[in-house]
Peer 1: 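Pasting in a structure now, in structure tokens, and then I'll have a few things to ask.
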Amino acid sequence: MAKQKASPPGAVRRRLGGAGASAVGWALRVATSIVAWTLLLHLFTFLGIPRPPLPIARPSCLGGRSNSTAAEALVAASEAARRAPPALPPRRLYKSNGYLLVSCNGGLNQMRAAICDMVTVARYLNLTMVIPELDKQSFWADPSDFGDIFDVNHFIDSLRDEVKIVKELPQKFSEKVPLSMQPISWSSEKYYLRQILPLVRKHKVVRFSKTDSRLANNGLPLKLQKLRCYVNYNALRFTPSIEALGNKMVSILRRTGSFIVLHLRYEMDMLAFSGCTHGCSDEETEELTRMRYAYPWWKEKEIDSEKKRLEGLCPLTPGETTLVLKALGFPRDTRIYIASGEIYGGETRLAVLKTEFPNIVRKEMLLSDDELRPFQKHSTQMAALDYLVSVASDVFIPSNYGNMAKVVEGHRRFTGFHKTIQLDRKKLVELIDLFEDQELSWEEFSVAVKELHMGRMSQPTRRRVIPGQPKEEGYFYANPHECLGPARKRMERLKHIEI
């Protein structure tokens with residue numbers, strides 16, 4: 001056998017060096033691909049665009065392993081990117097004109113809309129906003145703070161490219177008494193620019209003691225309207241514990257198919273505030289009246305209940321609601337989730353509804369006592385659970401067109417124009433009275449109810465604009481039509497608002 005010629009040491013080093021360089025180069029290419037793919041996934045997450053499918057490794061005709069190895073690395077990188085927290089938007093840098101404190105008033109959804117408005121005002125005026133204070137003085141006396149209901153860090157981080165939000169005032173302002181005021185209701189952005197901004201610049205810290213309906217529904221620049229939507233549908237996320245329980249209830253309800261949510265606003269505070277006592281006993285009417293007079297900030301005291309009912313300004317009673325559901329054609333076995341607090345009159349008042357629709361559930365029937373215990377005596381947190389189920393339902397039916405009914409309706413429009421039946425209470429009570437007086441047969445009553453609501457199912461429409469009467473206009477959060485295009489889930493973020 002011929003003796004193999006030994007390679008010179010230099011040649012060996014060159015071959016080894018070449019192979020090493022090749023390996024290093026290959027490793028660099030794989031590492032670069034992994035980094036690029038990870039950054040791309042973060043970019044798609046930030047923009048709200050669905051992630052592209054992973055490249056699938058194809059068998060190499062050469063039988064090598066380089067393709068499959070690279071694919072495995074990409075899969076591992078994508079999995080790591082999926083588990084990693086989403087990339088934060090870049091922080092917006094601006095010279096703050098001062099600090100804005102806000103004290104929200106009302107229930108969950110009144111405060112929710114107000115927070116969206118106040119973030120928009122802070123962004124427009126280049127202010128630093130302090131995490132809002134929630135109402136603890138209302139009828140419910142709920143001690144919950146912002147962080148008990150909403151995810152504070154997500155709220156701050158998701159808006160960092162719009163407005164600076166801090167958890168508390170800096171120490172140097174802690175002893176300063178802020179200027180406290182109530183902005184004029186239904187104001188345009190020009191009011192805040194001309195009247196409020198000079199006050200903030202002068203006092204450095206301003207507190208809005210009331211925040212409900214302080215920004216106009218219509219006539220605002222498109223960018224401001226879209227920011228209101230972004231805050232509402234992206235930045236205001238409930239705490240993980242609330243989200244988890246809400247999702248659990250929706251999952252349980254889905255196991256048996258479709259379900260509807262009936263927002264039965266027949267609670268003591270609503271009846272006392274509105275003066276609506278139709279169907280109540282004399283003792284109940286006296287109790288509700290005493291309660292109305294006990295709250296000095298409820299300005300209307302002498303109320304003609306029947307007149308108000310005929311004007312369509314009262315919530316439907318559980319009995320009236322039962323007739324309407326039957327007339328609309330809902331079958332007896334319809335799965336109904338009741339979203340509400342404690343019904344005035346208790347089980348007795350719900351008896352007719354349960355007789356006609358026995359498949360009725362509430363939070364207390366879907367969750368254990370241990371699961372609900374942390375939320376009890378916190379009406380706003382309980383309302384947040386109802387909110388999540390209401391937004392996810394197949395049909396949402398409010399018996400009164402209050403703040404929750406409006407805000408949930410708008411959210412359902414935003415997520416795909418899901419059906420919300422807007423009951424025409426004024427026409428309905430007329431029909432109900434005619435039916436109960438036997439002036440209409442059941443067939444005539446049912447046909448009339450169905451025809452009445454054919455155009456009241458949350459079909460796409462424009463908000464009602466009434467110049468000079470902002471309170472009577474269509475409510476922005478019930479129908480934010482500026483945000484309801486095909487690309488609503490990839491809503492254009494605001495980048496520049498000039499003052």
Side-chain angles (χ1 to χ4, degrees), residues 107 139-140 260-295 298 300-328 330 332 334 336-360 362 379 386 396-405 421-442 444-446 448-449 452-453 456:
F139 164 79
W140 304 279
I260 74 171
V261 167
L262 175 61
H263 179 43
L264 199 57
R265 192 66 168 98
Y266 203 79
E267 297 136 324
M268 188 176 185
D269 67 298
M270 168 54 67
L271 300 180
F273 175 78
S274 64
C276 297
T277 57
H278 180 78
C280 293
S281 66
D282 292 341
E283 292 77 12
E284 289 173 329
T285 299
E286 290 176 6
E287 180 181 40
L288 295 171
T289 302
R290 285 196 302 271
M291 181 180 177
R292 182 165 69 252
Y293 276 90
Y295 288 87
W298 291 357
E300 192 176 11
K301 302 300 183 183
E302 293 293 329
I303 299 175
D304 185 332
S305 176
E306 284 306 307
K307 179 181 177 182
K308 199 164 188 178
R309 174 177 176 267
L310 293 175
E311 292 173 346
L313 300 176
C314 288
L316 296 181
T317 68
E320 291 171 335
T321 304
T322 303
L323 286 175
V324 172
L325 291 178
K326 289 181 63 179
L328 287 170
F330 286 98
R332 177 179 170 81
T334 298
I336 300 177
Y337 176 91
I338 294 184
S340 74
E342 184 177 352
I343 300 298
Y344 188 62
E347 293 302 309
T348 301
R349 191 149 271 126
L350 285 174
V352 174
L353 179 61
K354 287 187 173 182
T355 298
E356 296 295 338
F357 296 95
N359 200 5
I360 284 178
R362 303 186 68 173
S379 60
D386 283 340
F396 176 65
I397 309 173
S399 67
N400 186 64
Y401 202 48
N403 288 300
M404 178 167 174
I421 302 180
Q422 306 154 339
L423 299 180
D424 187 336
R425 297 186 307 282
K426 183 176 181 179
K427 298 283 182 60
L428 279 174
V429 296
E430 294 177 12
L431 292 172
I432 290 170
D433 289 347
L434 289 171
F435 171 70
E436 292 182 339
D437 291 339
Q438 298 184 350
E439 295 183 39
L440 285 178
S441 68
W442 174 255
E444 291 170 329
F445 174 73
S446 180
V449 170
L452 178 62
H453 293 92
R456 301 176 67 88

Peer 1: Evaluate the salt bridge (Lys or Arg N to Asp or Glu O under 4.0 Å) criterion for residues Asp386 and Arg362: first the C-alpha distance (whole Å), next the side-chain angles of each, then the deciding distance (0.1 Å), finally the verdict.
Peer 2: CA-CA 9 Å; Asp386 283 340; Arg362 303 186 68 173; over 6 Å; no
Peer 1: Taking the side chain as every heavy atom from C-beta outward, state whether Leu271 and Thr277 have any pair of such atoms under 4.5 Å apart.
Peer 2: no
Peer 1: Can you see which heavy atom on Ser340 is nearest to which on Leu264, and at what distance?
Peer 2: CB-O, 3.3 Å
Peer 1: Please round to the nearest 0.5 Å and tell me the distance separating atom SG of Cys276 and atom CZ of Arg309.
Peer 2: 10.0 Å
Peer 1: Within the 4.5 Å heavy-atom criterion, are Phe435 and Glu444 side-chain neighbours or not?
Peer 2: no
Peer 1: Which value, rounded to the nearest 0.5 Å, describes the distance between Leu428 atom CG and Leu323 atom CG?
Peer 2: 10.0 Å
Peer 1: Listed by chain and number, what are the side-chain contact (heavy atoms from CB on, under 4.5 Å) partners of Phe273, not counting sequence neighbours?
Peer 2: Trp298
Peer 1: Is the shortest side-chain heavy-atom distance between His278 and Cys314 below 4.5 Å?
Peer 2: no
Peer 1: So, for Ile260 and Phe330, which heavy atoms are closest and what is the spacing to 0.1 Å?
Peer 2: CG2-CE2, 4.0 Å
Peer 1: With heavy-atom distances below 4.5 Å as the criterion, would you say the side chains of Arg425 and Glu320 are in contact?
Peer 2: no
Peer 1: I'd like to check Leu325 versus Ile336 (side-chain heavy atoms, cut-off strictly below 4.5 Å). Are they in contact?
Peer 2: yes
Peer 1: For atom NZ of Lys427, is the number of surrounding heavy atoms from other residues, nucleotides or ligands below 6.0 Å larger than 12?
Peer 2: no
Peer 1: Going by heavy atoms in the side chains, are Leu353 and Leu262 under 4.5 Å from each other?
Peer 2: yes
Peer 1: For Ser446 and Ala327, work out which heavy atoms get closest and say how close.
Peer 2: OG-O, 2.9 Å
Peer 1: Give me the atom names and distance for the closest heavy-atom approach of Met404 to Ala339.
Peer 2: CE-CB, 4.4 Å
Peer 1: So which atom in His453 and which in Asp424 form the shortest heavy-atom distance, rounded to 0.1 Å?
Peer 2: NE2-N, 3.1 Å
Peer 1: When you compare the side chain of Val449 with that of Leu452, does any pair of heavy atoms fall below 4.5 Å?
Peer 2: no
